[in-house]
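To start, the structure itself, in structure tokens.
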Amino acid sequence: MTREEFEKRFIAARRSSIARDFEKLNDMQLQAVLTTEGPLLLLAGAGSGKTTVLINRIANLLRYGRGSDTDLVPEQATEEDLAYLEKYAAGGEADRERVGRLCAVDPVEPWRLIAITFTNKAADEMKSRLERMLGEEAYDIWAMTFHSACVRILRRDIDRLGFDPSFTIYDTSDSQSLMKRIIRELDLDDKTYNYKSVLTVISKAKDEMMSAEAYAAAADRTTDIRKRNIGRAYMEYSRRMRDANALDFDDLILFTVRLLLDHPEVRDYYQRRFRYVLIDEYQDTNNLQYMFASLLAGGHKNICVVGDDDQSIYKFRGATIENILSFESNYKGARTIRLEQNYRSTGHILAAANSVIRNNTGRKGKELWTESGLGEKPVLYIAPDERDEAQYVAGKILAEAACGGRWSDNAVLYRMNAQSNAMEFAFKRNGIPYKIIGGTRFFERAEIKDMLSYMCTVQNPSDDLRLLRIINQPPRGIGETTVENLRQIAVTRGVPIFEVLQDAGRIDVLSRSAAKLGKFAELIGDMRAAAENIPLDEFYDMLLEKTGYEAMLRERMTDENVTRLENVQELKSNITAYMKENGDDATLAGFLDEIALYTDIDQYDRNSDSVVMMTMHSAKGLEFKSVFIVGAEEGIFPGTRSIGEPDEMEEERRLCYVAMTRAKERLFLVCARHRMLFGRTTAGKVSRFVDEIDREHINRPPESGNTFAFGGESDAWDTGYGGYSGDRYGGYGRGRGFEDAVSDGYGYGRRPAAPRKKTISRPAAAPAKYVPLFAAGDRVEHSAFGKGVVTKVQPTGNDALLEVEFDAVGKKRLMMKSAAKYMTKL
DNA sequence: ATCATAACGCTTTTT
DNA sequence: GCGTTATGAT
């Protein structure tokens with residue numbers, strides 16, 4: 001055997017031997033795991049087992065280093081070794097230790113790996129799966145979000161950029177209130193200079209790595225007044241951020257990139273350190289994140305990015321799909337692997353999703369497929385209005401629950417949070433437990449922001465923004481004029497407000513309130529001392545007490561204040577959780593870091609069994625047995641803003657693709673002909689995305705043309721067709737809408753006859769009078785909740801609120817008319 | 001300082 | 001249509 005032939009066979013046998021560790025993967029997944037060296041683009045379709053691949057890839061790197069992907073053959077390898085490997089590779093038994101020794105080439109130390117994700121949730125999942133697979137070794141792997149990785153890097157070296165390592169992080173609303181203030185102070189018209197749009201411009205500039213100085217200078221070279229004024233606002237914003245020793249979310253990444261670009265010794269350290277860089281959700285990266293990733297990977301050039309161009313839905317936040325589309329040209333010698341086998345959805349659903357996304361141009365081109373059979377076709381239901389739409393969804397869910405399904409198998413996805421209202425009502429009417437994800441978030445609540453502001457002020461004395469928030473909260477008689485004086489003096493002296501506070505006694509204009517100011521300064525000072533000496537949870541209790549915040553809430557126990565108190569306590573449980581996780585390392589600064597980067601406490605716990613409602617955006621990365629996409633109408637989804645804008649329309653279509661591919665077994669597309677939104681009723685028509693679905697993969701109601709239309713108008717919506725809504729309780733069993741006519745196999749109870757041809761009167765025109773269908777003491781059976789007894793009937797206009805004590809699920813409150821459809825007297 | 005009323009907006013939003 | 005927010009009056 002020549003050396004050449006020996007090496008060839010050795011390399012092949014080594015790769016096959018390593019592959020035996022990953023037998024559960026499909027071929028493409030395996031390739032992705034074994035391809036360790038150089039730039040790699042992993043196009044991972046929805047549900048293709050992406051995280052599994054990432055975890056196994058890391059396991060491979062730790063165990064075998066580049067063994068599966070190198071031409072290097074150890075000098076000392078013998079023909080006997082080769083024979084041994086070949087036998088093992090062919091399926092034989094072998095000593096694992098010896099195989100490991102023969103296959104490994106530079107196994108990598110865990111701390112040389114960095115895996116970056118976008119969300120804390122993804123990072124946490126990655127971490128826990130790594131721990132499960134690798135045990136303690138996993139602790140040293142940097143598995144975290146872009147932002148937390150940057151914080152970690154900055155805490156070490158930000159002093160090189162003239163910031164103090166104890167910097168605080170401003171979240172979006174902090175930035176917003178700062179910008180509001182700046183616009184007011186610069187005397188700019190808040191219509192033309194809307195704080196949000198100004199911040200968007202700044203964020204874009206930061207993404208292009210344009211400093212305030214550079215931006216303002218460039219703006220001044222133009223005649224564009226607006227641009228020049230935004231330049232001024234940007235300058236002021238940067239100056240204040242610097243003075244407050246604060247960084248916003250963009251800054252975290254921008255400054256890290258700056259640090260790596262301008263400071264070779266820092267760059268070298270990280271480039272040498274990280275032998276392998278992994279980036280998840282690459283289609284969502286913006287320019288800065290691209291820079292950051294490529295800087296990190298600049299040393300060893302082993303960068304693996306995972307993403308799906310078809311799932312890029314955050315362009316409006318600066319994500320650029322270009323990063324993934326041009327990965328191959330950005331990285332010389334890049335390899336691409338496509339994961340197209342889907343393990344989540346059944347055939348029809350996948351085919352429907354494929355047929356929608358096919359209408360986009362500029363794709364990498366991918367077609368998902370599955371081995372799991374055709375399953376059920378997605379169903380289109382057209383409701384008369386949003387009430388009926390919601391009632392339809394509730395009905396489907398109840399029917400499924402009646403067959404033993406779990407509530408949490410169902411998700412309702414909508415385009416915007418405002419749509420959740422109608423759904424909420426329907427769920428309440430029917431006693432369906434639900435949970436809304438998103439909307440007003442925990443950390444956005446005033447009382448939480450207040451408590452966090454106290455902590456920030458204690459932690460960072462120069463954080464004026466936070467200090468101003470709480471200086472008179474609860475009221476301590478420090479009024480607006482005093483605050484204004486304070487600020488003036490701070491600006492002229494060029495020092496943080498807190499310093500002026502301590503000096504108040506010696507300043508004339510402040511003399512009248514000096515005592516109050518001094519007391520406040522003392523309070524913060526005391527708390528600062530306490531933070532260093534007592535455990536964090538005790539510190540927090542002390543804060544609640546000494547600041548008088550708790551007392552303020554307790555003073556008047558309104559419903560609102562009760563919730564606030566609960567929230568404030570909830571924050572404490574965050575602290576306790578943080579302490580548990582970090583043990584002796586738990587510090588105030590550490591906690592604040594974590595909180596600043598944690599928008600939502602993991603409010604989505606899968607333990608509680610309830611239907612989840614959320615926007616399609618938030619649904620990314622999740623999966624459900626049944627998915628309801630509501631509001632599938634032109635003008636809602638796609639939204640008015642994207643109609644006529646080809647790029648936005650494509651993004652909208654990708655969003656549709658994301659939403660559809662969340663469904664494992666059942667997918668419902670629901671729309672309403674008339675919808676009341678923002679106080680106006682508008683007529684809509686079925687979303688173009690629905691029309692794009694191949695007819696053989698969807699159950700549609702018969703063409704609404706002449707058959708159902710009014711007076712022969714072919715696309716008229718106002719057909720007065722009987723709907724789902726509970727308004728005509730006497731008529732249940734009929735008028736369920738189109739969809740059952742095509743039989744999706746999921747109607748419940750009595751099957752309706754063919755749809756009525758047409759109805760002249762508008763639905764719900766004359767509200768029916770209250771007719772009691774149940775009385776207290778009735779023994780009843782509900783299709784989803786089982787048997788029970790009616791304990792209370794409370795008439796409400798033309799309906800009634802029932803209280804039913806169910807044998808299995810306990811007390812439920814139901815609206816009579818809705819309940820009548822699913823519940824019968826025994 | 002606190003309450004009331006008027007005015008305003010209003011996609012989506014991993015950090 | 002509703003919930004937040006800015007402003008003005010007491």
Side-chain angles (χ1 to χ4, degrees), chain A residues 116-125 144-151 169-177 180 184 190-191 194-196 199-200 203 247-254 280-281 283-286 288-289 311-319 386 413-422 437-441 443-446 472-482 552 556 593-600 602 604 614-622 631 635-643 645 648 651-652 654-656 658-659 675-681:
Chain A
I116 299 184
T117 63
F118 270 80
T119 64
N120 295 301
K121 215 176 80 200
D124 289 347
E125 189 184 325
M144 52 181 93
T145 64
F146 273 102
H147 296 266
S148 36
C150 287
V151 171
I169 302 164
Y170 275 12
D171 68 16
T172 315
S173 58
D174 293 329
S175 301
Q176 286 177 350
S177 46
K180 272 186 219 162
R184 210 171 335 163
D190 57 3
K191 285 245 169 38
N194 168 277
Y195 64 95
K196 277 186 192 161
L199 281 172
T200 311
S203 179
L247 274 68
D248 66 23
F249 288 141
D250 292 327
D251 291 337
L252 291 177
I253 300 176
L254 175 61
D280 197 9
E281 304 283 12
Q283 75 281 355
D284 292 334
T285 48
N286 61 22
L288 279 179
Q289 287 157 337
Q311 289 190 71
S312 158
I313 53 173
Y314 284 107
K315 187 181 148 214
F316 71 94
R317 285 188 96 237
E386 78 278 356
L413 308 182
Y414 35 76
R415 183 62 240 271
M416 45 190 167
N417 287 116
Q419 285 172 259
S420 65
N421 251 333
I437 314 281
T440 336
R441 290 218 276 278
F443 289 102
E444 308 269 285
R445 313 191 84 105
N472 201 30
Q473 186 68 252
R476 339 188 136 77
I478 302 176
E480 215 169 305
T481 34
T482 310
M552 171 183 75
R556 277 184 305 153
D593 266 0
E594 196 146 297
I595 288 299
L597 298 174
Y598 229 115
T599 40
D600 244 327
D602 209 17
Y604 177 65
M614 63 186 112
T615 64
M616 300 185 210
H617 280 91
S618 345
K620 190 158 123 194
L622 304 175
I636 303 273
F637 185 45
T640 24
R641 254 172 245 208
S642 47
I643 292 170
E645 304 276 335
E648 305 225 341
E651 175 133 324
E652 220 53 12
R654 290 193 290 270
L655 184 58
C656 183
V658 168
R675 178 180 302 274
M676 178 134 85
L677 200 63
F678 302 133
R680 249 198 306 279
T681 303

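These numbers come from a predicted model, not from an experiment. Lettering follows sequence order; numbering is per chain, from 1.
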*Ignoring the backbone of A/Pro475, work out which of B/dA1, B/dT13, B/dT15 is nearest its side chain.*
B/dA1
_Between P of B/dT15 and CG of A/Asp124, the distance in whole Å_ = 10 Å
*Check whether any side-chain nitrogen or oxygen of A/Asn120 sits under 4.0 Å from OP1 or OP2 of B/dT14, and answer yes or no.*
no
*Could you check which of B/dT14, B/dA1, B/dT15 has an atom nearest any side-chain atom of A/Asn472?*
B/dA1
*Do A/Lys620 and A/Thr119 have side-chain heavy atoms sitting under 4.5 Å apart?*
no
*Report the distance from atom CD of A/Glu594 to atom P of B/dT15, rounded to the nearest whole Å.*
12 Å
*asked:* Measure CZ/A/Arg476 against P/B/dA1 and give the value in whole Å, please.
replied: 12 Å
_Between C/dG3 and B/dT14 - C1' atom distance, rounded Å_ = 25 Å
*Measure the shortest side-chain to side-chain distance between A/Met416 and A/Ile636 over non-hydrogen atoms and say whether it is less than 4.5 angstrom.*
yes
*Does A/Lys180 have a side-chain nitrogen or oxygen under 4.0 Å from the phosphate oxygens OP1 or OP2 of C/dA6?*
yes
*Identify whether the glycosidic angle of B/dT12 places it syn (within 90° of 0) or anti.*
anti
Please tabulate, one pair per line, each protein N/O and nucleotide N/O from nucleotides 5-11 of chain B that are separated by under 3.5 Å, including the distance.
{"unit_1": "B/dT11", "atom_1": "OP1", "unit_2": "A/Arg641", "atom_2": "NH1", "d": "3.4"}
{"unit_1": "B/dT11", "atom_1": "OP1", "unit_2": "A/Arg641", "atom_2": "NH2", "d": "2.5"}
{"unit_1": "B/dT11", "atom_1": "OP2", "unit_2": "A/Arg641", "atom_2": "NH2", "d": "3.1"}

*Can you find a heavy atom in the side chain of A/Gln283 that is under 4.5 Å from one in the side chain of A/Arg654?*
no
*Over how many whole Å does the gap from A/Met552 atom CE to B/dA1 atom P extend?*
13 Å
*For DNA chain B, whose closest nucleotide is more 5', that of A/Ile478 or that of A/His617?*
A/Ile478
*Can you name the ring-ring contact (aromatic ring centres under 6.0 Å, His included) partners of A/Phe118, sequence neighbours left out?*
A/Phe146
_If I take atom CE in residue A/Met616 and atom P in nucleotide B/dT14, what distance separates them, rounded to the nearest angstrom?_
16 Å
*asked:* On the side chain of A/Arg317, is there an atom forming a donor-acceptor pair with the base of B/dT12 - under 3.5 Å, no angle test?
replied: no
*Could you pull out the closest heavy-atom pair between A/Phe637 and A/Gly631, with the gap in Å?*
CB-O, 3.6 Å
*For A/Lys620 and B/dT12, give me the distance from atom NZ to atom P, rounded to whole Å.*
17 Å
*asked:* Using side-chain heavy atoms (C-beta onward) and a distance below 4.5 Å, is A/Thr117 in contact with A/Glu125?
replied: no
_Length of the line joining A/Tyr195:OH and C/dT4:P, which is rounded to integer Å_ = 13 Å
*Rounded to the nearest angstrom, tell me the gap between atom OH in A/Tyr414 and atom C1' in B/dT13.*
14 Å
*How is A/Phe146 classified with respect to the nucleic acid when contacts are heavy atoms under 4.0 Å: base, sugar-phosphate, or nothing?*
nothing
_Under 4.0 angstrom between A/Asn421 side-chain N/O and C/dC2 OP1 or OP2_ = no
*asked:* If the cut-off is 4.0 Å, is A/Ser618 near the phosphate of B/dT13, judged by side-chain N/O to OP1 or OP2?
replied: yes
*asked:* Are the side chains of A/Met552 and A/Pro475 in contact, using a 4.5 Å heavy-atom criterion?
replied: yes
*Anything under 30° is parallel, anything over 60° is perpendicular, the rest tilted; go ahead and classify A/His617 against A/Phe316.*
perpendicular
